[in-house]
Amino acid sequence: MHLLSQHPLGGTGLHAAPLGLGTVKWGRNEGLKHGAFALPEESTCRELLDKAEAAGLNLLDVAPAYGFAEERLGKLLIGRRERFLLFSKVGEVYAAGQSRWDFSAAHTRRSVEESLRRLRTDYLDGVLLHCPREDVEVIRDAPALEVLHALKAAGKIRAVGVSSMSVAGGMAAVGRCDVVMVAWNVGFREQEGVIAAAAAAGQGILLKKVLSSGDLSGPPPPTGWSAAEHRLRAAWELPGHPVVIAGTISPAHLAENVAAARRAAVGA
Ligand SMILES: NC(=O)c1ccc[n+]([C@@H]2O[C@H](COP(=O)([O-])OP(=O)(O)OC[C@H]3O[C@@H](n4cnc5c(N)ncnc54)[C@H](OP(=O)(O)O)[C@@H]3O)[C@@H](O)[C@H]2O)c1
């Protein structure tokens, strides 16, 4: 079985397969838009990681706000951390079913240190600002982004990024960091200007919500394609070789998404 081919992630010097793995459901099942679900067993997470590795899917997206997803991932990555690009976040603090945000310098430094410890590594390939709805002020004015650039200069982070919410926030992120993460799917295209601007600026692009957090309703896909494949392949048509961070706790869904990436690569 051949590996998914990789593309440069903007100008970061990193190379990523077009399909990444989102892990929010690995460690948290409250306060999400995914409907009710049970947290996966460790054996399921191991199977997902094994299948991702076997397929050449190398970018893993996680965050301190994803419950115990970082701890889980850290344990499962023992002995194979180098084979993956680890992207985490700073700013959202999730505890006792509530989120709050802290983009202070002290919290940013502490949060990155805690992510490194939980993920059992001494560097992160990417750290993104985990923005709230009011993202423009955070991106422009809070100290967090500057701290992340300093941590990059110190060798703890390879790429600095922003996971934005609004179009204005996405635009504010262009030129201020190495990687932008925005929501996009076939029924939600308002961030396409951000994607075009990021591609033109040579930034890496990560896409969230391509599978609409699991709600795949909408116009029927082309004959022979599942709704998921239709959505994934539409995303890969966007400029800048975006990496689709598809979240899943289902090995069958992961296999379907990898198969879609393989077919997209050869235009089948
Ligand atoms: N602010 C932020 O930075 C931010 C916000 C949201 C998300 N994210 C990141 O992006 C990732 C993805 O976001 P998301 O989970 O909201 O959206 P998503 O990837 O659009 O949707 C994930 C949902 O789609 C389902 N799914 C996956 N593959 C499928 C398939 N082939 N067929 C049918 N359903 C399928 C999954 O269910 P199963 O588990 O059953 O497969 C899961 O419930 C997250 O895990 C997280 O890493 C970041």
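Just so you know, ligand 1 is whichever comes first in the structure, and atom 1 is the first atom listed for that ligand. Positions are given from 1 along the sequence.
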message: Is it the case that ligand 1 has an N or O less than 3.5 angstrom from some N or O of Ile249?
response: yes

- prompt: Would you call Ile205 and Met181 a side-chain contact if the rule is heavy atoms closer than 4.5 Å?
  reply: no

- prompt: His130 and Tyr66: aromatic ring centres closer than 6.0 Å?
  reply: yes

message: Are Val180 and Ser164 packed together at the side-chain level, in the sense that at least one heavy-atom pair is separated by less than 4.5 angstrom?
response: no

query: Would you call Arg117 and Asp122 a salt bridge, taking side-chain N to carboxylate O under 4.0 Å as the test?
result: no

message: Tell me the protein heavy atom at minimum distance from atom 43 (O) of ligand 1, and give that distance in Å.
response: Lys25 NZ, 2.9 Å

statement: Logged contact type for Thr23 with ligand 1, heavy-atom cut-off 4.0 Å, is backbone

task: Show which atoms of ligand 1 fall inside a sub-4.0 Å distance from at least one heavy-atom site of Asp61.
output: 9 (C), 46 (C), 47 (O)

field: Closest protein heavy atom (residue, atom, distance) for atom 27 (C) of ligand 1
entry: Gly247 O, 3.3 Å

query: What atoms of ligand 1 come within less than 4.0 Å of a heavy atom belonging to Ser163?
result: 1 (N), 2 (C), 3 (O)

task: Return yes or no for this condition: an N or O of Leu216 is under 3.5 Å from an N or O of ligand 1.
output: no

- request: Pick, from Phe87, Trp26, Tyr66, the option with the minimum heavy-atom distance to atom 48 (C) of ligand 1.
  value: Tyr66

Side-chain heavy atoms of Val147 within contact of Val112, under 4.5 Å: no

- prompt: So do the side chains of Arg81 and Leu86 get within less than 4.5 Å of each other, counting heavy atoms only?
  reply: yes

query: Is the NZ or CZ atom of Lys25 both under 6.0 Å from the centre of the six-membered ring of Phe37 and within 45° of that ring's axis?
result: yes

field: Ionic contact status for Arg100 with Glu92, cut-off 4.0 Å
entry: no

- prompt: Just distances here: any N/O of Leu211 and N/O of ligand 1 closer than 3.5 Å?
  reply: yes

message: Any donor-acceptor pair under 3.5 Å linking the side-chain atoms of Ser163 with those of Lys89?
response: no

Which of the ligand 1 atoms, numbered from 1, are nearer than 4.0 Å to a heavy atom of Gly214: 21 (O), 23 (C), 24 (O), 25 (C)

query: In terms of atom number and element, which parts of ligand 1 are under 4.0 angstrom from non-hydrogen atoms of His130?
result: 1 (N), 2 (C), 3 (O)

message: Met181 versus ligand 1: do any nitrogen or oxygen atoms come within less than 3.5 Å of each other?
response: no

- request: Only heavy atoms count here, so choose which of Glu256, Lys208, His253 is nearest to atom 40 (O) of ligand 1.
  value: His253

message: If the contact criterion is a heavy-atom separation under 4.0 Å, does Phe37 count as touching ligand 1?
response: no

message: A quick test of your reading: do over 12 heavy atoms of other residues, nucleotides or ligands sit less than 6.0 Å from NZ of Lys208?
response: yes

message: Only heavy atoms of Val24, strictly under 4.0 Å: list the atoms of ligand 1 that pass.
response: 44 (C), 45 (O)

- prompt: Which atoms of ligand 1 are found less than 4.0 Å from any heavy atom of Ala228?
  reply: 30 (C), 31 (N), 32 (N)

- prompt: For ligand 1, does Ser212 get within less than 4.0 Å through its side chain, its backbone, both, or neither, judged by non-hydrogen atoms?
  reply: backbone

- prompt: Can you list the atoms of ligand 1 that are under 4.0 Å from a heavy atom of Thr248?
  reply: 38 (P), 39 (O), 41 (O)

query: Just wondering, do Ser166 and Val136 contact through their side chains at under 4.5 Å, heavy atoms?
result: yes

task: From atom 14 (P) of ligand 1, work out which of His34, Glu92, Met165, Lys89 has a heavy atom at the shortest distance.
output: His34

query: Taking the minimum heavy-atom distance to atom 16 (O) of ligand 1, which of Ser213, Ala252, Ala246, Ala255 ranks first?
result: Ser213

field: Protein contact to atom 12 (C) of ligand 1 [nearest heavy atom, distance to 0.1 Å]
entry: Ile245 O, 3.3 Å

Side chains of Val160 and Leu151 in contact at under 4.5 Å (non-hydrogen atoms): no

message: Using a 4.0 Å cut-off to any heavy atom of Val210, which atoms of ligand 1 qualify?
response: 20 (O)

- prompt: Nearest to atom 28 (N) of ligand 1, what protein heavy atom do you find, and at what distance?
  reply: Asn257 ND2, 3.1 Å

- line: Ranked by distance from atom 13 (O) of ligand 1, the top protein heavy atom is Lys209 N, 4.0 Å

- prompt: Within a radius of less than 6.0 Å around NE2 of His7, do more than 12 heavy atoms belonging to other residues, nucleotides or ligands occur?
  reply: yes

Minimum side-chain heavy-atom gap Gln203-Val179 below 4.5 Å: no

